[in-house]
2 protein chains.
Amino acid sequence: MEKTKEANPHTWGECTKSILPVRDALEVLSGKWKLPIIISLMFGNKRFSQIAKEVPGITDKMLSKELRELESNDLVKRTVYDSIPVVVEYSLTEYGHSLEIVIKTLRDWGVAHRKRMMVAE
Amino acid sequence: MEKTKEANPHTWGECTKSILPVRDALEVLSGKWKLPIIISLMFGNKRFSQIAKEVPGITDKMLSKELRELESNDLVKRTVYDSIPVVVEYSLTEYGHSLEIVIKTLRDWGVAHRKRMMVAE
DNA sequence: TTTATCACTATCCTTTTGTATACTACTTAC
DNA sequence: GTAAGTAGTATACAAAAGGATAGTGATAAA
């Protein structure tokens, strides 16, 4: 445990340098619903009520709130068609699409994790 | 917008199939502190107070709570050395190390995001 | 005329998450 | 005897996140 006691003082810088950008990413993607919404839009542009149907369990309030945040972070684009009744289409921006690899990695890990849980029980 | 109106009914299954594992992953990694703690341990085994120093802003209570959750999910291992005073060493399990690629992806995106924000302002 | 769809908003409430502060018990160093 | 370091716990509180339910206003279909 000597190695523990004087664990590299220089890791501090490296470590913090790693933590900060991860924290930035987490801030933009925080909450229970943002990633599910983005995933839903990865499969195509959708209207409000369509997203609501595809994301299991979300309420209108949450969907509305999260879409606004995603829009303000330039991950999602909102397009209003002035038909009757008004139709609003949501789509991923190019920047939103840059999250695809993050989501794929997370999903792969999640799949493995779920398998692991099944075996354990 | 016709294409929007009848957006593939079959995306439902695919979409939900993607959302569920991501949700599993998010559950294990949820909260403000779990990933920062894991990152800190990626740089080497650490004692309680060392982690507290390396994760900017965390309180003892949160660190203690999150470590317990990470331990119960088999991501972190807790080893007590009965020296005087007692020393407790935390380390990533093999399973914990499997998160490295997730974190790397998230960090890369975070770095790009931070750059983007700087340019915008 | 009631009902349904569109895309939301408003209000109230509970749960979760996080913070602040103080405290434990032990030992070494000053 | 007092402070500092070891690894936390206890209590109280504040803030944020999320859920439940209802309502808006336009239109169209039964």
Side-chain angles (χ1 to χ4, degrees), chain A residues 1-7 9 19 23 26-37 40-41 45-73 76-91, chain B residues 1-7 9 19 22-23 26-38 40-41 45-73 76-91:
Chain A
M1 66 215 160
E2 266 313 284
K3 71 180 179 318
T4 304
K5 247 173 191 157
E6 54 216 14
I19 289 176
R23 184 172 284 186
L26 287 183
E27 205 163 318
V28 177
L29 305 175
S30 70
K32 196 174 173 179
W33 303 111
K34 292 202 190 71
L35 285 177
I37 292 169
S40 162
L41 291 177
N45 303 352
K46 306 249 163 66
R47 285 172 295 114
F48 189 89
S49 52
Q50 285 182 312
I51 305 174
K53 267 173 217 145
E54 290 202 354
V55 176
I58 197 168
T59 61
D60 284 0
K61 177 192 160 187
M62 278 298 120
L63 180 52
S64 164
K65 186 191 151 219
E66 300 295 59
L67 280 172
R68 255 180 281 130
E69 283 184 42
L70 291 170
E71 204 195 341
S72 85
N73 279 311
V76 162
K77 188 176 161 222
R78 183 175 184 270
T79 312
V80 181
Y81 294 100
D82 55 354
S83 54
I84 288 173
V86 147
V87 162
V88 181
E89 187 185 67
Y90 291 93
S91 54
Chain B
M1 66 221 163
E2 264 316 281
K3 71 179 182 315
T4 304
K5 246 173 194 156
E6 53 218 13
I19 288 176
V22 169
R23 185 174 282 186
L26 286 184
E27 205 163 318
V28 178
L29 304 176
S30 70
K32 195 173 171 179
W33 303 110
K34 293 204 189 68
L35 284 177
I37 292 169
I38 290 169
S40 162
L41 291 176
N45 304 350
K46 305 249 164 67
R47 285 172 295 115
F48 188 88
S49 53
Q50 284 181 311
I51 304 174
K53 266 172 218 146
E54 290 202 355
V55 177
I58 197 168
T59 61
D60 284 359
K61 180 190 161 190
M62 277 298 119
L63 181 51
S64 164
K65 186 190 152 220
E66 299 296 59
L67 280 172
R68 257 180 280 132
E69 284 184 42
L70 291 171
E71 204 195 340
S72 85
N73 279 313
V76 161
K77 188 175 162 227
R78 181 175 185 271
T79 311
V80 179
Y81 295 100
D82 55 354
S83 54
I84 288 173
V86 148
V87 161
V88 181
E89 187 186 68
Y90 291 93
S91 54

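In what follows, chains carry the letters A, B, and so on, assigned in the order in which the sequence lines appear, proteins first and then strands, with residues in each chain numbered from 1. The basis for the numbers below is simple: all heavy atoms, side chains too, and nothing from hydrogens, waters or symmetry mates.
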**Q** Are B:S72 and B:R68 linked by a side-chain donor-acceptor pair shorter than 3.5 Å?
**A**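 Short answer, no.
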**Q** Any idea which heavy atoms bring B:Y90 and B:L41 closest together, and the distance?
**A**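 Closest heavy-atom pair between B:Y90 and B:L41: O-CD2, 3.5 Å.
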**Q** Answer yes or no: is there a donor N or O on one side and an acceptor on the other, between the side chain of B:K46 and the main chain of B:S40, under 3.5 Å?
**A**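 Present.
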**Q** So, does A:Y90 get its side chain near the phosphate of C:dC8, meaning an N or O under 4.0 Å from OP1 or OP2?
**A**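 It does, given that an N or O in the side chain of A:Y90 lies less than 4.0 Å from OP1 or OP2 of C:dC8.
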**Q** Could you pull out all residues at least two apart from B:S91 that satisfy side-chain hydrogen bond (donor to acceptor under 3.5 Å, both in side chains)?
**A**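 So B:S91 forms no side-chain hydrogen bond (donor to acceptor under 3.5 Å, both in side chains) with any residue.
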**Q** Apply side-chain hydrogen bond (donor to acceptor under 3.5 Å, both in side chains) to B:T79 and list each qualifying residue two or more places apart in sequence or on a separate chain.
**A**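 In terms of side-chain hydrogen bond (donor to acceptor under 3.5 Å, both in side chains), with neighbours along the sequence ignored, B:T79 is linked to no residue.
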**Q** Would you indicate, yes or no, if C:dC8 has its OP1 or OP2 atom less than 4.0 angstrom from a side-chain nitrogen or oxygen of A:S64?
**A**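 The answer is no; no side-chain N or O of A:S64 sits under 4.0 Å from OP1 or OP2.
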**Q** Please determine if a side-chain N or O atom of A:R68 lies less than 4.0 Å away from the OP1 or OP2 oxygen of C:dA7.
**A**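 So the side-chain polar atoms of A:R68 never come under 4.0 Å of the phosphate oxygens OP1 or OP2 of C:dA7.
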**Q** Using a cut-off of 4.0 Å between protein heavy atoms and nucleotide atoms, how would you tag nucleotides 13-30 of chain C 5' to 3' with B, S and -?
**A** -----BBB------S---
**Q** Could you tell me from which nucleotide to which nucleotide of DNA chain D, 5' to 3', there is an atom under 4.0 Å from chain A heavy atoms?
**A**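 First and last nucleotides in contact are D:dG18 to D:dT27.
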**Q** In chain order, what residues pass the side-chain contact (heavy atoms from CB on, under 4.5 Å) check against A:L26, with sequence neighbours excluded?
**A**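 side-chain contact (heavy atoms from CB on, under 4.5 Å) check on A:L26 returns A:V22, B:L35, B:L106.
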**Q** Holding to side-chain hydrogen bond (donor to acceptor under 3.5 Å, both in side chains), I want the full list of residues that pass it with A:E69, two or more places apart in sequence or in another chain.
**A**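 Partners of A:E69 by the side-chain hydrogen bond (donor to acceptor under 3.5 Å, both in side chains) criterion, ordered by chain and then number, come out as A:K34.
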**Q** Round to a whole Å and report the spacing from CZ of A:R47 to P of C:dT5.
**A**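 About 12 Å, once rounded to whole Å.
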**Q** With sequence neighbours left out, write down each residue that passes side-chain contact (heavy atoms from CB on, under 4.5 Å) with B:S49, or none if nothing qualifies.
**A**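 Here the qualifying residues are B:R47.
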